[in-house]
Every structure is written in structure tokens, then in C-alpha cells.
J.: 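Next up is a structure, given as C-alpha cells.
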2 protein chains.
Amino acid sequence: MAEVTLRDVARLSGCSVATVSRVLAGSRPVGAETARRVRAAVDSLGYRPNHVARALRSRSTGTIGLVLPQITNPFYPTLVRELTRALHTHDRAVILADCDDDPMTEAARIDALLARQVDALLVVPVDEKRSVAAVTAAAARVPLVLLDRGCGPGVADSVVVDNAAGIQLVLDHLAAAGRRRPCFVGAAGTASAAVERRAAYESGVGALDPRAPGRVELGEFSVEWGRAAVDRVRAHRPDAIVCANDLIAIGALQRLRQLGVDVPGEIAVTGFDDIPMASLTDPGVTTVRQPVAELAAEAARLLDRRLAGEKAGPSRTVRLGPELIVRGSSTTDCTGPADAASGADAAWDRKPAKNPVS
Amino acid sequence: MAEVTLRDVARLSGCSVATVSRVLAGSRPVGAETARRVRAAVDSLGYRPNHVARALRSRSTGTIGLVLPQITNPFYPTLVRELTRALHTHDRAVILADCDDDPMTEAARIDALLARQVDALLVVPVDEKRSVAAVTAAAARVPLVLLDRGCGPGVADSVVVDNAAGIQLVLDHLAAAGRRRPCFVGAAGTASAAVERRAAYESGVGALDPRAPGRVELGEFSVEWGRAAVDRVRAHRPDAIVCANDLIAIGALQRLRQLGVDVPGEIAVTGFDDIPMASLTDPGVTTVRQPVAELAAEAARLLDRRLAGEKAGPSRTVRLGPELIVRGSSTTDCTGPADAASGADAAWDRKPAKNPVS
DNA sequence: AAGTTCTCGGAGAACGATTTCCCAGATCGT
DNA sequence: ACGATCTGGGAAATCGTTCTCCGAGAACTT
């Protein structure tokens with residue numbers, strides 16, 4: 001029904017399509033009286049501009065492709081929300097693509113988005129190494145911002161959290177609590193989060209116990225692995241288990257409880273990311289919170305800058321500082337998950353703020 | 001760079017753009033030799049069709065708008081994954097819109113998607129009543145399928161889970177386990193899930209205890225409310241708390257643990273949805289699993305049918321049967337969350353199946 | 001053998017906006 | 001008062017496809 005075009009508006013207001021376009025886009029001054037007539041015609045007809053036609057002519061679709069490794073990873077929903085929010089204020093739409101954690105699929109999705117003429121891409125790369133080809137190729141065609149995970153140096157703009165600083169926060173916290181025999185349960189593979197967090201642990205753990213560097217076990221970012229890892233480190237009688245993310249920490253916590261180990265009395269457990277679930281276990285997981293809203297805002301800003309012309313310039317990297325969230329899994333100063341202070345920070349645990357950081 | 005158009009291909013292969021279009025789209029038979037030349041030219045030039053131009057001409061963008069109440073609700077990520085997967089096989093892209101659980105925002109997002117000429121809409125309405133205006137208006141312009149929640153009768157095609165059957169499964173389970181004094185903790189408001197689950201409880205609870213209908217408390221779908229609700233029902237000394245969704249159940253579980261109540265010994269707790277977290281608490285939450293993959297597949301099918309012409313026809317509703325997942329919160333036959341059988345079903349707890357239901 | 005269908009290919013009109021020219025009249029400068 | 005600039009507006013090209021005509025020749029039909 002609503003097949004109202006510029007021509008219709010032009011006809012009704014008694015002027016040409018060019019003029020109508022001009023008053024709507026404000027691309028050139030138009031006489032006051034004419035503008036009035038045009039505007040009257042516009043909302044008398046209920047005219048809605050056709051984005052597709054506009055896109056064809058102006059070579060800009062106003063859409064951004066968002067490529068995620070796996071939307072079901074509990075860390076991403078919040079990121080998606082913040083990103084859509086940030087981009088929507090600039091009248092951009094987000095086309096979502098899920099990669100099933102597979103670099104092949106990722107490459108295919110990126111290609112599909114490019115074929116759809118997205119104006120830019122936001123990519124959380126699946127793998128630090130195996131994603132690099134597809135990403136660099138894409139970056140050559142449209143502005144591209146890497147998010148949360150890196151993907152080789154200088155490939156594209158990127159905004160990431162400072163993993164090393166986060167792990168350091170954890171180590172400092174454990175040291176202050178008197179823990180001396182930590183171990184690390186991380187993820188194998190070349191994903192940047194896995195690599196950076198492990199490296200940071202290895203370089204910082206010496207402060208706790210200069211002689212025994214603490215065992216390091218590598219698996220994957222899953223609850224299952226967290227459970228399994230506990231059995232592999234118990235023989236070393238650690239007094240703290242530093243996990244590379246919250247899923248691992250949650251798994252570890254489960255297994256420890258099952259074994260009847262006192263947490264945090266006998267062993268402290270820490271995670272990374274601060275996914276909603278981390279505040280709901282018992283005890284709550286001490287973890288490193290990623291500044292998701294800032295991550296999103298910064299990515300949007302970088303994107304805007306590139307879209308506003310700034311084609312050249314070397315790729316910038318914004319590194320954001322994380323925050324330590326102390327909960328019951330590492331200290332008894334803090335009560336269980338039902339504690340108001342720690343229990344209330346799950347995003348969906350209360351009405352969302354209408355005007356967040358922005 | 002890749003500004004290769006049909007014209008270029010036509011020029012190189014020595015024929016007209018019409019012919020090239022035909023061989024690419026297969027819209028009409030083309031001579032074998034000509035087709036060969038065209039194809040050679042196509043991949044010698046690396047031609048990629050321009051979706052925008054195609055969309056303008058054919059009045060179909062190949063994009064579907066997906067409107068969600070709140071992506072951070074842990075029930076949706078899986079749904080999003082299945083939907084994108086299902087739609088991608090038909091070469092459709094998904095534009096995501098988050099509503100912040102607000103009907104106004106929802107209306108605005110729907111409008112924006114319509115302006116972008118999405119081919120169809122998938123909507124999980126925010127509110128059974130206050131979403132109806134925007135949804136009906138949208139349904140008049142494009143095919144629209146309601147998902148997971150209803151939105152008034154006959155407004156559009158919809159695919160939902162049978163909430164009543166789900167609650168009945170729970171009640172049967174509790175009855176079989178000998179529970180006789182249940183109570184219900186649900187959500188106020190007119191969201192269809194809230195209404196239907198509450199109604200089903202009220203109509204089915206008589207079988208447990210014909211004299212005392214069991215107390216009903218209404219709040220919202222949140223962990224916080226689950227915690228609070230426990231304090232409001234404890235005076236009635238229930239032996240089972242039937243919660244309207246998993247978040248509430250998790251909250252209840254936390255509070256009960258904090259109070260030192262034995263679950264499931266003294267009180268059983270049940271949820272609804274089977275979000276990933278439900279299998280990770282201790283004890284695991286007995287809950288009703290929504291058949292998310294089927295939900296998505298069915299929605300995709302409905303959409304395809306409408307997009308394939310079938311404009312007329314009354315709106316159909318597909319109602320899918322849920323499945324009871326028994327975990328430790330309602331029976332001692334089932335061990336804790338670390339139990340392999342109950343702990344392994346979180347979607348992101350293992351590598352995703354490459355070829356699921358389909 | 002003439003008429004009829006069939007097949008393959010080209011020319012060109014849409015699709016609905018933006019944008020570049022170009023022109024008429026008003027305003028300005030000297 | 002006359003040329004130069006400025007201003008508001010229209011005609012038409014353009015973006016890259018798809019699709020409708022149209023026509024020329026080959027293949028049938030009778």
C-alpha cells in the first residue's frame with residue numbers, strides 16, 4: 001500500500017522530485033513557502049523514503065555487519081545490546097551473523113555481509129590466527145573494527161579489554177588475601193583472550209610464590225573443562241585456581257563443591273568476564289568485569305570516524321581497563337550470592353537503566 | 001575496488017547485460033556457448049552481484065527483521081542462533097532489534113525495520129496487550145510471525161510453546177513425587193507466558209490438593225523476585241514452589257539455600273524455559289524445556305510460506321509441545337549439577353552439533 | 001514451400017532516490 | 001542602467017539490477 005514515492009509528493013506539492021529531495025535531505029537551501037508545501041504533502045501522504053533506492057544511489061546502506069563467534073556464549077548478549085543501542089542512535093541497523101565458532105563459517109558470513117554492501121563490519125574474530133585472512137580481506141573493502149579479541153597486529157582498528165591488567169588485578173587480590181600456591185586453568189588455542197590471559201598469569205604469578213610458578217592447565221572455555229581441570233590440579237594442593245573465564249570458574253566451583261572442598265576456605269576460585277551467571281553461583285565468582293558498554297561505545301566511535309572519511313591513517317587499538325569484582329569464591333568478607341551487593345548486578349536482574357553510560 | 005558490474009561482464013563476454021543477468025539468475029534458458037563465455041567472464045572479473053540494486057528492482061531485500069524484547073534475557077541467544085541458522089540457508093540476513101522490554105521502543109524498532117524494507121518480521125512481542133497495535137500495523141505491510149509469546153488472537157501467524165502443557169508436566173511430576181502443598185510464583189502483567197502459565201497452574205493444581213488451591217504470588221521474571229517471593233510463601237509451608245520461569249526458580253533456590261532449607265527434601269523447586277544456567281545451579285533446576293530449534297524451524301517455515309505468495313489465508317498458530325527436564329531441585333533420584341546427564345546440556349558446554357535437527 | 005512456433009539474444013524501461021547541470025529571475029556592484 | 005553574482009527550482013543522468021518487449025533466425029507443421 002504505502003507505495004508513496006518522491007514523485008507522488010512532488011506531484012501533490014506542485015514541484016519537482018529534485019526539490020522534494022532537497023527539502024527532505026536539506027542538501028541545499030529551498031524557498032520557505034515551497035518547503036512548507038512539500039512538508040505538508042509529505043505527511044499528508046505519509047511518505048516514507050525508500051532506503052534501498054537511497055542506498056543504491058548514495059552507495060551507503062546504513063547497515064553494519066556484526067560477526068560473532070557464538071551468540072550463545074553468555075558474554076555476547078550484553079555486548080550485542082550495547083552495540084545495537086550505540087549504533088541505532090546514528091540510524092544504523094545491525095545485521096547479525098553467528099559463526100558457530102568456526103573460522104570457515106566466519107569467512108563465509110563476512111563474505112555474505114560484504115555482498116550485502118554493509119557499510120562497515122564489527123568482528124569478534126573466532127581465532128587469532130585462522131581468522132586473519134578473512135578479516136584483512138574484509139578490512140580492505142570496508143571499515144572494520146575488531147572487538148574484544150585481537151587478530152594479529154595492525155590488521156584493523158580494534159578495541160579490546162586489557163587482559164593482562166585483568167589477570168594482574170586477580171593476582172594482586174589473591175596475594176593480598178595471602179594465597180601462595182595458585183594454579184591457572186586456561187584455554188588452549190590461539191584466541192587472543194586465551195593467549196594473553198595465560199601469558200599475564202605466567203609473568204605475574206612469581207609475586208605470589210617465587211619458587212613454584214604454579215601449575216598451568218589448558219583446555220577450552222567451557223564449564224565441562226572447568227570441572228575436569230579441578231581433578232588435574234588437585235594433586236598439587238593449590239590454594240587458588242585462577243580461571244581464564246567465568247565458564248571455567250563455574251565448572252571448577254561445581255566440581256569442588258561436589259568433592260566437598262571448602263571454597264574459599266581451602267581454595268579460592270576466580271574467573272574472567274563477569275557474565276550474569278557469575279553472580280548467581282554459590283559462592284559468587286570473583287571475577288574481572290569487562291567494560292562492555294565502553295567497549296561498544298568505543299567501537300561505535302571508531303567506526304564513525306572511519307565512515308566519516310578518515311580512510312587513511314594507521315589502525316588504532318583502544319585498550320580498556322577492566323575492573324575486579326570480588327565475590328564469595330575468593331574471600332569470606334563477602335557473603336553468598338543472595339547478598340544484595342553482589343547479587344544485583346546481573347543485567348537482567350532488574351529493570352534496565354533507560355539512559356546508560358551513552 | 002570491486003566495482004565490477006553486470007555491464008563489465010557483458011562487455012567482456014560480448015553480450016548484453018540482459019543475457020548475463022539471465023545466465024546468472026537462470027531466469028530463462030541461454031545458449032550453452034554464450035553461458036560458458038559469460039561464466040568465464042564472471043569469475044575472471046570476480047563479479048559479485050549488487051544486492052542493493054537487485055533489491056530495488058525486485059522489491060525484495062532478502063532481509064528479515066528480528067525484534068526481541070531483550071537480548072540479555074538468557075532465553076533468547078539460543079533462539080537467535082537457531083533462527084539465523086535457519087534463515088541463512090535461504091540466503092536471508094537477519095537485522096536484529098532490541099526493545100529494552102519497552103513497547104514504545106518496540107514500535108519504533110518495527111517502524112525502522114519496515115522503513116528499511118525488510119521482507120518480513122519475526123517478533124517476540126514485549127507485551128500481550130501493548131504490543132498489539134504496532135504488530136498489527138506491521139503485519140498489514142509484510143509477512144509477520146509472532147514467536148514464543150502471543151499477542152492477541154488472529155493478529156498474525158505465530159509459533160509458541162504450549163505453556164499449559166508445560167505446567168501440567170510439572171504438576172504431574174510433583175504429584176507423582178508425592179508433593180501435596182505446592183504454591184506458584186509467577187509474573188504479573190499481560191505477557192502471554194505469564195498469563196498462560198499462571199492459568200494452567202490454577203486449573204491443574206487441584207489434582208494435588210483439592211482443598212487448598214495453593215498460594216499464587218505474582219511479581220516479575222527475575223532472579224530478584226524469586227528471592228523475594230520465597231519469603232512471601234514460606235509462612236504457608238509449601239512442599240513445592242512452581243516458578244513461572246527459570247530466573248525466578250534460580251532466585252528462589254538461592255534464598256532457600258541461604259535460609260538453610262533442604263531442597264528438594266523439604267521443598268521442591270521448578271522452573272520453565274531450561275536456560276543454560278538452569279543446569280548449573282546446585283541442585284540443578286527441574287524445568288520445562290522449550291523446543292527452541294523447532295520453534296525457530298517452524299517460524300522459518302511459516303515465513304517462507306507467506307513469502308512464497310500465500311498472502312491470503314487466516315493466521316495459523318503452531319503450538320509446540322515442551323519437555324520436562326528433571327534435575328535435583330525436585331527429586332533426589334537425580335544427583336547434583338556435576339552429574340554428567342544433567343550437567344552436559346548447557347548449549348555452550350560442549351562443541352555445538354554441526355548438523356542439528358534441521 | 002509457406003506459415004507457425006520456438007529459441008536465443010538485444011534494447012531499453014523500470015525501480016526510487018540523489019545529484020549534476022542548467023536556466024530564469026532577482027539582487028548586487030559600479 | 002548594465003553586466004555579474006546569487007538564488008530557487010526543474011530536467012535528466014545515474015546507481016546496478018531485473019524484466020518486458022521485440023526481432024531474427026531455426027525448426028516445425030501441414
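Order of the sequence lines fixes the chain letters, A, B, ..., with proteins taken first and strands second; residue numbering starts at 1 for each chain.
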J.: Would B/D304 and B/R92 count as a salt bridge (Lys or Arg N to Asp or Glu O under 4.0 Å) if you check the C-alpha gap in whole Å, the side-chain angles of each, and the deciding distance to 0.1 Å?
T.: CA-CA 11 Å; B/D304 279 335; B/R92 304 192 208 283; 2.5 Å; yes
J.: Would you say A/R54 places a side-chain N or O within less than 4.0 Å of OP1 or OP2 belonging to C/dT18?
T.: yes
J.: Taking C-beta and beyond as the side chain, do A/D102 and A/V126 meet within less than 4.5 Å on heavy atoms?
T.: no
J.: CZ of B/R116 versus C1' of C/dA17: gap in Å, rounded?
T.: 15 Å
J.: Ignoring backbone atoms, test whether A/T19 places a side-chain nitrogen or oxygen under 4.0 Å from the OP1 or OP2 oxygen of D/dG10.
T.: yes
J.: Considering heavy-atom distances to DNA chain D, does B/R22 or B/L56 have its closest nucleotide positioned more toward the 5' end?
T.: B/L56
J.: Provide, to the nearest angstrom, the distance between the CG atom belonging to B/L45 and the C1' atom belonging to D/dG16.
T.: 15 Å
J.: Side chain of B/R28, base of C/dG9: donor and acceptor closer than 3.5 Å?
T.: yes
J.: Nearest of C/dG12, D/dG9, C/dG16 to any side-chain atom of B/R59?
T.: C/dG16
J.: Just N and O in the side chain of B/S16: are any of them under 4.0 Å from OP1 or OP2 of C/dG10?
T.: yes
J.: Does the side chain to side chain contact (heavy atoms under 4.5 Å, CB included) test come out yes or no for B/L295 and B/E82, once each step is laid out?
T.: CA-CA 9 Å; B/L295 221 66; B/E82 297 301 330; over 6 Å; no
J.: Please give, in whole Å, the distance from C/dC15 P to A/D8 CG?
T.: 11 Å
J.: Between B/T34 and A/S27, name the one whose nearest nucleotide on DNA chain C is closer to the 5' end.
T.: B/T34
J.: Does B/R109 pair with B/E106 as a salt bridge, N-O distance under 4.0 Å?
T.: no
J.: Looking only at side-chain atoms of B/T5, point me to the closest of D/dG16, C/dG16, D/dG9.
T.: D/dG16
J.: Using whole Å, what does the distance between atom P of nucleotide C/dG16 and atom CG of B/N50 come to?
T.: 17 Å
J.: Between atom CZ in B/R7 and atom P in D/dT18, what is the gap in whole Å?
T.: 16 Å
J.: Flag the pair A/L24 / A/P49 as yes when at least one side-chain heavy-atom distance between them is below 4.5 Å, and no otherwise.
T.: no
J.: Report yes if at least one side-chain N or O of B/S58 is closer than 4.0 Å to OP1 or OP2 of D/dT18; otherwise report no.
T.: no
J.: Quickly work out the B/H51 NE2 to D/dT17 P distance and round it to whole Å.
T.: 10 Å
J.: Has the side chain of A/R57 got a donor or acceptor that lies under 3.5 Å from a partner of the other kind on the base of C/dT18?
T.: yes
J.: Measure from CZ on B/R48 to P on D/dT17 and round the result to the nearest Å.
T.: 12 Å
J.: Kindly point out which of C/dA17, D/dT18, D/dG16 is positioned nearest to the side chain of B/L6?
T.: D/dT18
